[in-house]
There are 2 protein chains.
Amino acid sequence: MPAVDEHRARTIPEAAVARLAVYLRVLSSMAEQGAGTVSSEELSTAAGVNSAKLRKDLSYIGSYGTRGVGYEVDVLVGQIERILGLTRKHSVAVVGIGNLGHALANYGGFPGRGFPVAALFDVDEDLMGVPVGGIPVSHIDEIPLVCAERGVSIGVIATPPAAAQAVCDRLVSGGVECILNFAPVVLQAPDHVEVRKVDLAVELQILSFQLARRVDDADGAEPTGNGEVEGVDQVVIGR
Amino acid sequence: MPAVDEHRARTIPEAAVARLAVYLRVLSSMAEQGAGTVSSEELSTAAGVNSAKLRKDLSYIGSYGTRGVGYEVDVLVGQIERILGLTRKHSVAVVGIGNLGHALANYGGFPGRGFPVAALFDVDEDLMGVPVGGIPVSHIDEIPLVCAERGVSIGVIATPPAAAQAVCDRLVSGGVECILNFAPVVLQAPDHVEVRKVDLAVELQILSFQLARRVDDADGAEPTGNGEVEGVDQVVIGR
DNA sequence: CCGTGTGAAGTGGTTCACAGCA
DNA sequence: TGCTGTGAACCACTTCACACGG
């Protein structure tokens with residue numbers, strides 16, 4: 001009955017997936033500048049991690065490097081895109097066309113290719129039918145219908161907090177499988193729907209905590225600050 | 001990092017800090033609705049975590065509960081605010097007044113109190129002096145001067161990627177200690193400066209990965225025809 | 001009794017260090 | 001020789017389970 005384990009190796013740590021996305025961006029810009037190969041050292045520096053971690057991350061997706069040499073840039077790009085599922089297109093719906101919604105809807109047609117914006121929603125009657133970034137805004141009551149029709153798989157919530165749960169429910173009933181939530185509330189969703197959140201207040205409060213910690217550390221010891229070496233540890237949001 | 005134990009107990013796991021911020025928000029809204037006490041069970045459900053984790057998280061900041069009863073809401077609010085350093089105000093500067101910058105500058109005077117927006121910057125000459133959310137926009141060349149003058153401790157970067165590193169450098173030379181980066185680039189900063197990033201493309205790509213994984217999991221097992229039915233038992237990744 | 005608080009066990013992710021191959 | 005790929009040690013966070021106190 002162990003069974004839980006299912007058919008093994010398809011397990012890439014969540015944290016590694018986030019970093020693969022970063023590597024991909026760095027690699028793409030290297031490719032644009034005509035780089036043919038990179039070593040783990042170069043790539044890891046550009047991505048802000050150490051080289052051991054980078055190699056471990058890449059090992060999760062296979063062995064595409066050449067010992068003594070490095071990695072071929074475009075091979076890696078292709079493999080990472082494959083693993084991240086970027087060879088399929090995932091239609092996105094943005095709900096809540098305020099400043100943030102505008103920013104999202106115009107975000108260069110959304111990061112690279114692969115995430116076409118297929119629908120926009122708001123409650124404001126004055127916005128109905130108005131095109132934003134080329135897509136006309138629909139009413140949030142239409143969410144289930146329109147999302148189902150246009151095969152939206154990712155919903156982005158950029159509404160005020162009070163509206164977020166209702167929007168979430170409608171996205172779910174429209175068959176949306178993943179939700180990216182910018183509203184500062186904890187969403188309740190069935191567990192076959194993946195929810196990620198981006199929470200500005202939380203980010204600021206974490207920074208505030210760091211500042212506070214610095215202050216009490218300072219009086220505890222070490223007058224001559226100037227911390228430890230290395231380690232720029234950029235934290236991707238995670239959860 | 002040598003991580004010389006320092007002077008003991010001041011170690012709250014980073015992940016726990018992020019959740020404390022969430023608990024704080026939930027507790028605040030409970031307080032508004034006049035709740036006097038909560039149990040770990042109630043609070044954890046509202047925050048989307050399990051109760052063991054919640055109690056462990058709270059134990060990092062002290063023992064403020066009553067056995068057999070629960071926690072007093074306003075005591076917890078006060079203690080979490082203290083730990084997160086929210087009793088001090090941290091001035092914020094927003095750089096890049098596009099759609100996203102607007103959204104940030106208007107974000108209710110920024111999450112709760114505690115994070116007053118003290119300065120706005122952009123390159124666009126047409127924006128100079130124009131007030132956004134009550135604060136006039138200055139030129140990015142002024143960053144070091146203005147930030148130092150106004151005691152900005154948190155810088156928020158909402159510029160196009162190409163400008164981000166230069167902005168980061170100026171913020172650092174203006175004495176900013178923490179940076180929240182919305183631009184899709186890996187910033188290089190001295191290690192006494194805390195950098196966090198919020199990366200939309202990465203978030204979407206993680207969701208894309210989940211979608212892709214679902215597809216191959218589906219063919220790996222599940223012999224019985226089609227039928228959408230519910231999810232194969234989800235591994236439930238976070239929360 | 002009931003819920004908090006917490007050592008101890010478990011899990012997942014990171015770092016180390018070196019074997020293996022171009 | 002140099003750099004990749006990876007088992008194994010290590011560390012951080014989570015979950016368990018139960019003692020403790022109102």
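All values reported here derive from a predicted model rather than from experimental measurement.
- Rounded to a whole Å, the CD1 atom of A:Ile61 is 15 Å from the C1' atom of D:dT6.
- A salt bridge between A:Arg196 and A:Glu14 is present, with a side-chain N of the basic residue lying under 4.0 Å from a carboxylate O of the acidic one.
- Between A:Ser40 and D:dT4 there is a side-chain polar atom (N or O) within less than 4.0 angstrom of OP1 or OP2.
- Here the range on DNA chain C touched by chain B, meaning any atom under 4.0 Å from one of its heavy atoms, is C:dC2 to C:dA8.
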Between the protein and nucleotides 17-22 of chain D, list every N/O to N/O distance that falls short of 3.5 Å.
unit_1: D:dC20; atom_1: O2; unit_2: B:Arg67; atom_2: NH1; d: 2.6

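- We find that OH of B:Tyr60 is positioned 11 Å from P of D:dA12, with the value rounded to whole Å.
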Can you give each donor-acceptor pair under 3.5 Å made by side-chain atoms of residues 26-37 of chain B, sequence neighbours left out, with the distance rounded to 0.1 Å?
unit_1: B:Ser28; atom_1: OG; unit_2: B:Leu24; atom_2: O; d: 2.8
unit_1: B:Ser29; atom_1: OG; unit_2: B:Val26; atom_2: O; d: 3.2

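- Pairs passing the salt bridge (Lys or Arg N to Asp or Glu O under 4.0 Å) check and including a residue from residues 56-65 of chain A, sequence neighbours excluded, read A:Arg19-A:Asp57.
- For residues 151-170 of chain A, the pairs satisfying salt bridge (Lys or Arg N to Asp or Glu O under 4.0 Å) are A:Asp141-A:Arg170, with sequence neighbours left out.
- Here B:Ser44 pairs with B:Glu41, B:Val49, B:Ser51, B:Leu54 under the side-chain contact (heavy atoms from CB on, under 4.5 Å) rule; sequence neighbours left out.
- The minimum heavy-atom distance between A:Ile83 and B:Phe209, with the atom names listed, is O-CD1, 3.3 Å.
- The distance from the OG1 atom of A:Thr45 to the CG atom of A:Asn50 is 9.5 Å, given to the nearest 0.5 Å.
- Regarding contacts with the backbone of D:dT14, every side-chain N or O of B:Asn50 stays at 4.0 angstrom or more from both OP1 and OP2.
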